[in-house]
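Written below as structure tokens is the structure these notes are about.
Note that these values count all heavy atoms, side chains included, but never hydrogens, waters or copies made by symmetry. Sequence lines set the chain letters: A, B, ... in the order given, protein chains first and strands last, and positions in each chain run from 1. This one's a predicted model, so the numbers in the text were calculated from it and none came from an experiment.
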There are 2 protein chains.
Amino acid sequence: MPGKPNDPPRPTDAELEILTVLWDRGPSTVREVQEAVARRKPTQYTTALKLLQIMAEKGLVRRNEKQRAHVYEAGRPREWTQRQLAGDLLLRAFGGSAKSLVLGALSAHRTSPEELAEIRKLLDKYEKGEE
Amino acid sequence: MPGKPNDPPRPTDAELEILTVLWDRGPSTVREVQEAVARRKPTQYTTALKLLQIMAEKGLVRRNEKQRAHVYEAGRPREWTQRQLAGDLLLRAFGGSAKSLVLGALSAHRTSPEELAEIRKLLDKYEKGEE
DNA sequence: AACATACTACGAAGAGCTTCGTTTGTCAAG
DNA sequence: CTTGACAAACGAAGCTCTTCGTAGTATGTT
């Protein structure tokens with residue numbers, strides 16, 4: 001049931017980077033998030049803080065204020081958000097054609113035979129399980 | 001070779017809608033684009049015009065000024081842009097895992113067995129062709 | 001108690017996105 | 001030649017995103 005009133009909105013680029021950190025690390029303080037993000041891209045502490053505050057308002061993250069250093073965690077599991085994003089792009093850019101999306105992904109970067117095999121397994125599962 | 005200096009940037013949501021119209025219709029005037037877009041979403045003529053002008057500056061569309069009513073066409077083929085977008089999302093949200101992206105797409109909306117079969121054909125092709 | 005340290009909160013700037021109203025230019029019909 | 005229709009161009013407003021500086025507040029150390 002996508003699009004419920006309290007579903008968080010699609011995360012922006014910077015927000016997605018932060019969510020990725022939270023998914024990888026689990027609940028984290030602003031400092032921890034900032035240090036992780038800064039490893040890939042110079043980022044001020046207050047920038048990370050502000051982002052997290054806004055994300056909390058949007059419902060993208062949850063905040064625990066028990067400690068002096070508030071602890072943030074992702075509001076939705078990684079898979080949930082990935083499904084949102086994939087579904088969103090599927091509709092916006094691929095006219096709902098999953099085939100086109102897969103083609104786009106495969107042609108965008110070389111995929112190993114092992115991964116192709118895993119994708120095949122996925123297809124099997126979806127052919128059996130979901131009628 | 002993604003990321004060449006003159007590659008157009010990732011289109012925004014509104015821009016993607018317009019590109020879709022251009023891909024579907026081929027080269028079109030502003031009026032034609034506006035009417036097509038307005039069918040799905042109330043849109044003023046000047047809004048479509050401004051968008052197209054900005055998109056021309058960005059290189060997302062090309063403009064032919066031979067006629068009084070300028071004729072716009074997509075700067076890149078649909079497949080090229082789709083590859084960009086899929087690759088971009090693959091990196092930003094899926095850590096480069098094509099398998100995760102496929103899983104996200106499949107779980108986002110029910111996919112017919114026919115389409116699953118077509119996707120399987122795609123995989124075959126990629127297993128043979130690209131070593 | 002005073003001080004240094006670490007944290008949150010707030011405000012604002014600068015850029016980009018989207019929309020629209022107004023102006024300017026062009027063409028053709030009366 | 002004037003008028004009406006239609007097109008491009010321009011400018012600006014309102015919004016979001018991203019960033020950062022500054023101020024205020026709590027904690028712990030000497």
Side-chain angles (χ1 to χ4, degrees), chain A residues 7-22 27-73 75 81 85 88-89 92-93, chain B residues 7-22 27-73 75 81 85 88-89 92-93:
Chain A
D7 274 356
R10 169 154 56 106
T12 66
D13 287 4
E15 287 168 349
L16 189 51
E17 282 194 60
I18 287 186
L19 284 176
T20 299
V21 170
L22 292 178
S28 308
T29 64
V30 176
R31 171 94 23 213
E32 289 165 337
V33 169
Q34 184 265 328
E35 277 166 0
V37 172
R39 240 166 264 137
R40 313 203 318 98
K41 176 194 188 182
T43 304
Q44 292 303 113
Y45 175 86
T46 53
T47 298
L49 171 65
K50 183 70 157 192
L51 247 335
L52 282 164
Q53 287 170 340
I54 292 175
M55 291 170 76
E57 278 173 17
K58 294 184 183 176
L60 286 167
V61 299
R62 265 191 305 275
R63 171 165 57 180
N64 180 336
E65 314 188 358
K66 285 284 158 50
Q67 313 296 328
R68 178 156 101 91
H70 299 172
V71 173
Y72 291 84
E73 72 180 311
T81 302
L85 291 170
D88 176 70
L89 190 66
R92 287 210 337 280
Chain B
D7 274 357
R10 169 154 57 105
T12 66
D13 287 4
E15 288 168 348
L16 189 51
E17 282 193 60
I18 286 187
L19 284 176
T20 298
V21 170
L22 292 178
S28 309
T29 64
V30 176
R31 171 102 13 220
E32 288 164 338
V33 169
Q34 183 264 329
E35 276 166 0
V37 172
R39 239 166 264 137
R40 315 202 320 93
K41 176 194 189 183
T43 303
Q44 293 301 115
Y45 174 86
T46 52
T47 299
L49 171 65
K50 182 70 156 192
L51 248 335
L52 282 164
Q53 286 171 341
I54 292 175
M55 291 169 76
E57 277 174 18
K58 294 184 184 176
L60 286 168
V61 298
R62 265 190 306 275
R63 172 166 57 180
N64 181 336
E65 314 189 358
K66 285 283 159 50
Q67 312 297 328
R68 179 156 99 91
H70 298 174
V71 173
Y72 291 84
E73 72 180 312
T81 303
L85 289 170
D88 176 70
L89 190 66
R92 287 210 337 281

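Surrounding CD of Gln67(B) are at most 12 heavy atoms belonging to other residues, nucleotides or ligands under 6.0 Å away.
A 4.5 Å side-chain heavy-atom check between Arg10(A) and Asp13(B) finds at least one atom pair inside the cut-off.
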Listing time: all N or O pairs from protein to nucleotides 4-14 of chain D that are below 3.5 Å?
residue: dC6(D); atom: O2; partner: Arg68(B); partner atom: NH1; Å: 3.2
residue: dC6(D); atom: O2; partner: Arg68(B); partner atom: NH2; Å: 3.3
residue: dA7(D); atom: OP2; partner: Arg31(B); partner atom: NE; Å: 3.0
residue: dA7(D); atom: OP2; partner: Arg31(B); partner atom: NH2; Å: 2.7
residue: dA8(D); atom: OP1; partner: His70(B); partner atom: N; Å: 3.0
residue: dA8(D); atom: OP2; partner: Tyr45(B); partner atom: OH; Å: 2.0
residue: dA9(D); atom: OP2; partner: Gln53(B); partner atom: NE2; Å: 3.0
residue: dA9(D); atom: OP2; partner: Arg63(B); partner atom: NH1; Å: 3.0
residue: dG11(D); atom: N7; partner: Lys50(B); partner atom: NZ; Å: 3.4
residue: dG11(D); atom: O6; partner: Lys50(B); partner atom: NZ; Å: 3.3

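Annotation: side-chain contact (heavy atoms from CB on, under 4.5 Å) contacts of Lys41(A) (sequence neighbours excluded): Glu17(A), Thr43(A). For Arg62(A), the side-chain contact (heavy atoms from CB on, under 4.5 Å) partners are Glu73(A), not counting sequence neighbours. For Thr20(B), there are no side chain to side chain donor-acceptor pair (under 3.5 Å) partners two or more places apart in sequence or in a different chain. In this structure Glu32(A) satisfies the side-chain contact (heavy atoms from CB on, under 4.5 Å) test together with Arg25(A), Ser28(A), Thr29(A), sequence neighbours excluded.
Close approach of DNA chain C to chain B, defined as any atom under 4.0 Å from a non-hydrogen atom of the protein, starts and stops at dC17(C) to dC27(C).
Here Thr81(B) contributes atom OG1 and Leu60(B) contributes atom CG; the two are 7.5 Å apart, rounded to the nearest 0.5 Å.
For the pair Asp13(B) CG and dC15(D) C1', the computed distance is 14 Å after rounding to whole Å. One interatomic measurement links the two molecules: CD of Gln44(A) to P of dT22(D), which rounds to 12 Å at whole-angstrom precision.
Between Tyr72(A) and Val30(A), the shortest heavy-atom contact is CE1-CG2, 3.5 Å.
The shortest distance between the side-chain N/O atoms of Thr12(A) and the OP1/OP2 oxygens of dT18(D) is below 4.0 Å.
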